[in-house]
Asker: 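Let me begin by handing over the structure; questions about it come next.
Below, each value reflects all heavy atoms present in this structure, side chains not excepted, and no hydrogens, waters or symmetry copies.
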Amino acid sequence: MASNGRMSVLTSQQDDFPRWYQDVLEKAELAENGPVRGTMVIRPYAYGLWERMQAEVDRRIKETGAENVYLPLFIPQSYLEREAEHVEGFSPELAVVTHAGGKELSEPVVVRPTSETLFGELMSKWIQSHRDLPMLLNQWANVVRWEMRPRLFLRTSEFLWQEGHTAHATREDANAYALRVHLDVYRDFLQNVLAIPVLVGVKSRRERFAGAINTMTCEAMMGDGKALQMATSHELGQNFAKAFDITFTDSSGQVETCWTTSWGSSTRMVGGLIMAHGDDQGIRIPPRIAPVQVVVLAVKDDERTMTTASSLVRELITAGVRARLDNRTTQGFGRRATEWELKGVPVRLEVGPRDLESGQATIVRRDGGAKEAVKLDAISTTVVALLESMHTEMIEAARQRLTDRTVEAASVAEALDAAKTGFARIPWEQLGEEGEDALNREAVSVRCLQTREGTVPSDGALDSEIMAIVGRSY
């Protein structure tokens, strides 16, 4: 029995958070393991979530000026070997094809783990003059990184994502663009749509993306106090540009080397959404991302109830609400209500003969389970206002958890203790790389480096101005 008195079909989060997560994926019909170890089947309801995430992120990406392209799944192995640090960083995760069409290939091909090298090869052909810059490209695709310890949505051998790749005339322009994507695309989406507060900062030297000179990250706290990296933006400097000869002729006729960036977010955000907002009754979806914002449940199979329920769905859709009718009255009402609770639909609207006798319907909030009887002629205005307030309340609750479970630490020992239940903030000059080594030995990592005010540090910021956010992670 759950703490609020409702029967739960899930393992309690407090008893076993990882088991709860697996239960949710199964019971809410979100995803399951594919036939090859480490692969994932995304079921329709969860894929609907991903489609909405795609649409929201894609719109923001296009507002920065980037355009979408599609590049091949297969990459010549020699491309990766041209950027030594990059291939070294990915070697353990690569899936390599050596035979095709019944014959051994003259050169093995890699199933893309990411597309920096392929974009680099193509940009070297597409960029000739300073007039071609900046070149701002994005790809929605699947990638393969062979995963030894798979976990659905969080770490799978194949996953879906977007990867942006850009080339610029100067380091300053590349930095400004990568930072813009980081804040205006990723942070804005995560906080203003998924209602997940994130800590923005840069990765420590050892945690950077392979081949990057700087990696910016959005780190979120999950319901069990662990961290999840939600999105990253990388400044690649001129490393890839030199390896792939990405050059341009400037306005004076001088040949210069480009500065490049890459940035990405993936289906990991679905897992983050589940673990950041879920409770013992299932997932809780913030209204702005929910594929179904309101489900209208017809309690009985009588003509008046069915007519009114259908009319309310049409009215809500007209008001801009994503509404769905559940008229499966041959199934028990309690079972249907539990199903929608598991799936986290923000609002349940119950319509039955008793409600209609009073000219009203019952609104049930998924975030806290509160019920309210509302007159039929006020349903649309009440629901629209409720959906907006629910987003605010959900992100505030997540912010409070982040605040309550983040401890100011002055030593490695204090940081390790704090990481048992949440995050620690510790001055970087107090921690340093030796302290980072000590944390890593205990499976604790530096999630990001921030200014003392919680912003992304500028290039060249002094160690005395930097705070390290420390925690255990997925």
Side-chain angles (χ1 to χ4, degrees), residues 34 36-40 66-128 132-148 150 155-168 174 178 208-213 215 232-248 255-267:
V36 175
R37 185 181 182 278
T39 61
M40 169 174 59
E67 298 177 293
N68 285 339
V69 296
Y70 183 80
L71 273 56
L73 174 68
F74 297 122
I75 302 173
Q77 191 172 45
S78 59
Y79 281 27
L80 273 74
E81 292 170 349
R82 286 165 64 180
E83 214 297 311
E85 187 178 351
H86 188 65
V87 71
E88 182 181 350
F90 276 103
S91 286
E93 302 175 333
L94 296 180
V96 183
V97 179
T98 59
H99 290 72
K103 297 180 180 180
E104 184 174 357
L105 299 176
S106 58
E107 178 187 352
V109 296
V110 173
V111 183
R112 68 172 162 237
T114 180
S115 300
E116 272 75 11
T117 58
L118 195 52
F119 272 93
E121 178 73 15
L122 294 169
M123 283 180 169
S124 70
K125 296 194 319 186
W126 295 345
I127 295 171
Q128 305 297 324
D132 298 321
L133 298 174
M135 182 167 284
L136 312 175
L137 304 174
N138 178 63
Q139 174 176 231
W140 289 94
N142 63 335
V143 292
V144 171
R145 299 178 185 177
W146 213 252
E147 183 58 53
M148 295 298 102
R155 292 187 180 276
T156 48
S157 294
E158 180 193 11
F159 55 91
L160 307 179
W161 78 344
Q162 58 75 209
E163 50 177 318
H165 299 268
T166 70
H168 306 261
R208 285 177 192 157
F209 178 70
I213 62 171
T215 291
T232 50
S233 302
H234 315 289
E235 291 181 73
L236 304 177
Q238 294 181 312
N239 294 340
F240 286 89
K242 289 176 179 177
F244 289 88
D245 193 29
I246 310 174
T247 60
F248 67 98
V255 176
E256 302 286 352
T257 301
C258 290
W259 298 80
T260 65
T261 79
S262 70
W263 27 276
S265 60
S266 74
T267 39

Asker: What pairs of residues pass the ring pair (Phe, Tyr, Trp, His ring centres under 6.0 Å) test when at least one of them lies in residues 93-113, not counting sequence neighbours?
Answerer: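 Every candidate ring pair (Phe, Tyr, Trp, His ring centres under 6.0 Å) pair involving residues 93-113 fails, so no pair, neighbours aside, qualifies.
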
Asker: Between R145 (side chain) and P92 (backbone), is there a donor-acceptor pair under 3.5 Å?
Answerer: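 No, the answer is negative, given that no donor and acceptor are paired below the 3.5 Å cut-off.
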
Asker: Does Q162 reach the main-chain N or O of S265 with its side chain, forming a donor-acceptor pair under 3.5 Å?
Answerer: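 The answer is yes, because a donor-acceptor pair under 3.5 Å joins these two groups.
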
Asker: Name every donor-acceptor pair, under 3.5 Å, that has one atom in a side chain of residues 118-126 and the other anywhere in the protein, sequence neighbours excluded.
Answerer:
residue	atom	partner	partner atom	Å
E121	OE1	R82	NH1	2.9
S124	OG	E121	O	2.6

Asker: For the side chain of R112 and the backbone of P72, is there at least one donor-acceptor N/O pair under 3.5 Å apart?
Answerer: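 Present.
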
Asker: Working to the nearest 0.5 Å, report the span between CZ of F240 and OG1 of T117.
Answerer: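 Separation between the atoms: 7.5 Å.
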
Asker: Could you state the interatomic distance from CD (Q238) to CH2 (W259), rounded to the nearest 0.5 Å?
Answerer: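 Answer for the CD-CH2 pair, Q238 versus W259, is 4.0 Å.
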
Asker: Rounded at 0.5 Å granularity, tell me how far OG in S157 sits from CE in M40.
Answerer: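 Here the rounded value is 10.0 Å.
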
Asker: How far apart are the closest heavy atoms of N239 and G211, and which atoms are they?
Answerer: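 For N239 versus G211, the nearest heavy atoms are ND2-O, 2.9 Å.
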
Asker: Assign the ring pair F159 / W161 to parallel, tilted or perpendicular, where the plane angle (0 to 90°) is split at 30° and 60°.
Answerer: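 The arrangement is perpendicular - the two ring planes meet at more than 60°.
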
Asker: With a 3.5 Å distance limit and no angle check, can you tell me whether E93 reaches the backbone of P113 through a side-chain donor-acceptor pair?
Answerer: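 A pair under 3.5 Å: no.
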
Asker: List the atom of Y79, the atom of F244, and the distance in Å for their closest heavy-atom pair.
Answerer: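 Smallest heavy-atom distance, with atoms named: O-CZ, 3.3 Å.
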
Asker: Is the count of non-hydrogen atoms from other residues, nucleotides or ligands lying under 6.0 Å from E67 atom CD greater than 12?
Answerer: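 No, not enclosed.
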
Asker: Tell me the closest heavy-atom pair linking V97 and L105, and the distance in Å.
Answerer: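 The pair with the smallest heavy-atom distance is O-CD1, 3.6 Å.
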
Asker: Look up atom OG1 in T261 and atom CD in E116, then write down how far apart they are to the nearest 0.5 Å.
Answerer: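 Atom-to-atom, T261:OG1 and E116:CD are 9.0 Å apart.
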
Asker: Take T98 and E104, measure what side-chain hydrogen bond (donor to acceptor under 3.5 Å, both in side chains) needs, and give me the verdict at the end.
Answerer: CA-CA 6 Å; T98 59; E104 184 174 357; over 6 Å; no

Asker: When rounded to the nearest 0.5 angstrom, what is the spacing between NE2 in H165 and CG in L136?
Answerer: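 That separation rounds to 12.5 Å.
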
Asker: Nearest 0.5 Å, please: how far is CZ in R208 from NE2 in H234?
Answerer: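 Here the rounded value is 12.0 Å.
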
Asker: Between the side chain of T215 and the main-chain N/O of F209, is any donor-acceptor distance below 3.5 Å?
Answerer: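 Checking the backbone N and O of F209 against the side chain of T215, a donor-acceptor pair under 3.5 Å is found.
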
